[in-house]
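Some notes on the structure that comes next.
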Amino acid sequence: MLDIKLIRENAKHVRERLATRHGGDEVKIDEILSLDEQRRSLLHEVEQLKASRNRVSKEIGTLMGQKRLEEAEAKKTETREIGDKIVELDKAVVETEKALHELMVRLPNLPHASVALGHTAEDNPLIRLFGEPAHFSSTPATHIEICERLKLVDFARGVKLSGSGFLLYTHWGARLERALIQFLLDLHIHEHGYTEVAPPYIVGRHCMEGVGQFPKFADQAYAVQEGQDGSTLGALYLVPTAEAPVANIHREEILKENQLPISYVAYSPCFRAEAGAAGLGTRGMIRIHQFDKVELIKIVKPEDGYAELEKLVGHAERVLQLLGLHYRVISLCSGDMGFTSAKTYDIEVWAPGQGQFLEVSSCSNCEDFQARRMSLRYKTEGGENKLPHILNGSGTALARLFVALIETHQQPDGSVLIPEPLRHYLRTDRIQA
RNA sequence: GGAGAGAUGGCUGAGUGGUUUAAGGCGCACGCCUGGAAAGCGUGAUUACCGAAAGGUAACGGGGGUUCGAAUCCCCCUCUCUCCUCCA
């Protein structure tokens, strides 16, 4: 959520910045301004009435104490009318605030000044390229072929169990997936100083709203129903990312300045309905309904937000470097950025069998956009309450990392060579049929 | 799932319709005192919104109701604790 004061005082700037986003020209700034104006004027009126009611009520109390009953009764009659008016105005205030809130939560974040203007992925500037694509003397196999040959994933039975978009990892595939999770967590804990948390995989609606998944992207989440009566439907959701629970850990709290920065790392499965992506477009593991991910979350002072974002990207990149993978980092242009983000770097890893780069990490600074939604603040040494910046980054998403790994390290004999840092987790240096 | 007991400020804990603008204690900050500390004394400390300011309004788990006036009375919900039941 944006600061209403910023909109009030600098509507032109907000409108212009939002217009650079995808769909940003539909933004209802005028409506917001008029509701805000209406709200403040109603508030002023009703608060004056309440002040006078409080005053008279106190007088009634005094009169009652002095047994001056008829005088008290007269004042009661007088105040009763004020009370009716207050009820009416209170109702108007609530309605106005609700309407205002509805519009406010649908407003995307302002892009940071350093974000390139653009419309689509074509306009995303390349920041850097690491390594080189693996060289093959003949056409490299796709991950689907490798998985079938080495029995890493049983695609058909995954579909049998849960429908298309769900994977059954088998044998070495299951072990490789688990080894990767362990490797990622250990890397971020021991080398990058993150604190591990293991969050719930189901969260309440308020958490989804807090990170900005809701209300706009509600159709992308799986709603959980408890029992058969459906009474809990709409209240609980499978997490689309660990960001949903983890970023909300300190919601509605006032942290002390010396608690910052906070750095959390969490593993979770991620559940995405991918509504609208009929048939998911691709066979294989590229776009699925459930995948594993290790997520990095930072809560930092605003002045540190962008330095921390650079560090965060570096931490995610380290994963790919250690696994010997070729990748590129791009900065999303204004039109391609997510709803909550002020600035986003995507990391895309090269998958030789696909012949394309796959997005395995998205690192964003949401500035105070989420903090305001979840009412997370910190108290400065000077005693002032401020909103922290909240950052999130994949460190990294697993299924696609799995793909890049086996496609990159496949050998002419059909086996897959395991990169050194993974070997002791997997207790082998090679997966073969 | 069943029965009972609870939910008040950073913590503890009073308060059962009107100087409660929430007592007292602990802890915290600042000051006095001190060679320095402790003790003692004094002062200050919640959050949100409106307002240029003075100031005002709201919040005692959440929501609704009664009343001129609700922490206090009534209804609904949530959560916590204890004991059963079930269960990995």
Side-chain angles (χ1 to χ4, degrees), chain A residues 1-9 32-105 198 200-207 209-210 224-237 245 248-259 368 371-388:
Chain A
M1 210 153 59
L2 297 177
D3 186 356
I4 184 69
K5 286 181 198 136
L6 178 69
I7 300 176
R8 199 185 291 155
E9 284 155 21
I32 286 173
L33 285 172
S34 102
L35 282 169
D36 176 52
E37 185 56 45
Q38 188 182 332
R39 167 179 167 273
R40 286 188 296 153
S41 113
L42 284 168
L43 216 46
H44 180 73
E45 195 179 344
V46 74
E47 285 184 359
Q48 273 193 332
L49 288 175
K50 283 180 179 174
S52 74
R53 180 180 66 182
N54 288 346
R55 205 180 323 112
V56 178
S57 286
K58 200 161 281 183
E59 287 167 20
I60 293 172
T62 311
L63 291 171
M64 301 279 278
Q66 298 168 347
K67 303 284 181 207
R68 291 156 70 181
L69 298 180
E70 355 31 273
E71 287 171 70
E73 281 306 321
K75 293 221 182 254
K76 281 190 192 182
T77 314
E78 176 192 328
T79 323
R80 205 167 282 139
E81 287 166 28
I82 300 180
D84 292 343
K85 186 76 182 156
I86 287 173
V87 169
E88 195 181 302
L89 285 172
D90 263 342
K91 206 179 288 174
V93 169
V94 169
E95 275 165 19
T96 308
E97 282 181 344
K98 202 175 150 199
L100 180 59
H101 187 76
E102 280 299 304
L103 294 178
M104 288 295 288
V105 295
Y201 302 152
I202 295 177
V203 294
R205 160 171 281 275
H206 56 289
C207 288
E209 286 166 353
V224 175
Q225 174 174 331
E226 199 182 304
Q228 287 303 308
D229 68 349
S231 59
T232 58
L233 199 66
L236 295 171
Y237 298 85
N248 276 289
I249 287 175
H250 299 288
R251 78 189 330 270
E252 289 156 52
E253 291 181 22
I254 301 176
L255 301 169
K256 295 196 184 81
E257 183 166 12
N258 64 18
Q259 288 178 266
D368 60 15
R372 188 174 291 105
R373 281 177 168 246
M374 61 180 74
S375 188
L376 164 59
R377 292 149 294 167
Y378 72 97
K379 197 178 281 291
T380 64
E381 304 293 351
E384 189 192 354
N385 288 337
K386 292 178 75 175
L387 295 162

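A, B, ... follow the sequence lines: proteins, then strands. Residue 1 opens every chain.
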A:K50 near the nucleic acid: base, sugar-phosphate alone, or nothing, with a heavy-atom cut-off under 4.0 Å? sugar-phosphate
For A:R40 and B:A48, give me the distance from atom CZ to atom C1', rounded to whole Å. 16 Å
Below 4.0 angstrom from OP1 or OP2 of B:A48, is there any side-chain N or O of A:R377? yes
If we take the C1' atom in both B:A22 and B:A59, what is their distance in whole Å? 12 Å
Over how many whole Å does the gap from A:R39 atom CZ to B:G51 atom P extend? 8 Å
What integer number of Å spans the P atoms of B:G42 and B:C49? 35 Å
Proximal nucleotide (of B:G56, B:C49, B:U21) relative to the A:K58 side chain: B:U21
Considering every strand and a 4.0 Å limit on heavy-atom distances, what is the contact class for A:K379: base, sugar-phosphate, or nothing? sugar-phosphate
Would you mind pulling out the nucleotide paired to B:G69, Watson-Crick or G-U wobble, both distances under 3.5 Å? none
For A:Y378 and B:G10, give me the distance from atom OH to atom P, rounded to whole Å. 20 Å
Interatomic distance, A:R55 CZ vs B:G69 P [rounded to whole Å]: 15 Å
So what does A:T79 touch, heavy atoms closer than 4.0 Å: a base, only the sugar-phosphate, or nothing? sugar-phosphate
Test item: A:R53 side-chain N/O and A:T79 main-chain N/O as donor-acceptor pair under 3.5 Å: no
Give me the atom names and distance for the closest heavy-atom approach of A:P200 to A:P245. O-CG, 3.7 Å
Now, which nucleotide makes the Watson-Crick or G-U wobble pair with B:A53, with each of the two distances under 3.5 Å? none
Give me the distance, rounded to whole Å, that separates B:C11 from B:G27 when you measure between the C1' atoms they each carry. 7 Å
Strictly by Watson-Crick or wobble contacts shorter than 3.5 Å, is anything paired with B:G40, and which nucleotide is it? B:C32
Which nucleotide in the set B:C49, B:A48, B:G69 lies at the smallest distance from any side-chain heavy atom of A:E47? B:C49
C1'-based separation of B:C73 from B:U19 [nearest Å]: 22 Å
Per atom distances to the A:N54 side chain, the nearest of B:U21, B:A58, B:U46 is B:A58
Indicate, with a heavy-atom threshold strictly under 4.0 Å, whether A:I82 touches base, sugar-phosphate, or nothing. nothing
With C1' as the reference atom in both, quote the distance from B:A71 to B:G6 in angstrom, rounded to an integer. 15 Å
Rounded interatomic separation in angstrom, taking CD1 from A:I254 and C1' from B:A59: 14 Å
Neighbour count above 12 (heavy atom, 6.0 Å) for A:H44 NE2: no
Using the P atom on both, measure B:A38 against B:C26 and round to a whole Å. 15 Å
5'-most contact on RNA chain B (nearest-nucleotide basis), A:V46 vs A:D36, goes to A:D36
Counting only Watson-Crick or G-U wobble pairs whose two distances fall under 3.5 Å, which nucleotide matches B:A14? none
Could you tell me how far apart A:E381 (CD) and B:C28 (C1') are, to the nearest whole angstrom? 14 Å
Nucleotide opposite B:G6 in a Watson-Crick or G-U pair, distances under 3.5 Å: B:C79
Determine which nucleotide pairs with B:U21, using a 3.5 Å limit on both distances of a Watson-Crick or G-U wobble pair. none
Residue-phosphate contact under 4.0 Å: A:R53 side-chain N/O, B:C68 OP1/OP2: no
Under 3.5 Å donor-acceptor, A:R251 side chain and A:M374 backbone: no
Pick the P atom in B:C79 and in B:G63, then give their distance to the nearest Å. 16 Å
Base, sugar-phosphate, or nothing for A:R8, non-hydrogen atoms under 4.0 angstrom? sugar-phosphate
Hey, is the side chain of A:N385 poking within less than 4.0 Å of OP1 or OP2 on B:A48, counting only N and O atoms? yes
Answer yes or no: is there an ion pair linking A:D36 with A:R40, defined by an N-O contact shorter than 4.0 Å? yes
Given that both distances must come in under 3.5 Å, which nucleotide forms a Watson-Crick or G-U wobble pair with B:A59? B:U46
I'd like to know if the side chain of A:D368 and the backbone of A:L387 have a donor-acceptor N/O pair within less than 3.5 Å. no
In whole angstrom, what separates A:H206's NE2 from B:U78's C1'? 12 Å
Scanning both residues in full, the closest heavy-atom pair of A:R39 with A:L100 reads CD-CD2, 4.0 Å
Any Lys/Arg nitrogen of A:E73 or A:K76 sitting under 4.0 Å from an Asp/Glu carboxylate oxygen of the other? yes
Would you mind classifying the nucleic acid contact of A:I60 as base, sugar-phosphate or nothing, using non-hydrogen atoms under 4.0 angstrom? base
If you measure from the P atom in B:U20 to the same atom in B:C74, how many Å do you get, rounded? 23 Å
Between A:I86 (CD1) and B:C50 (P), how many Å, whole number? 20 Å
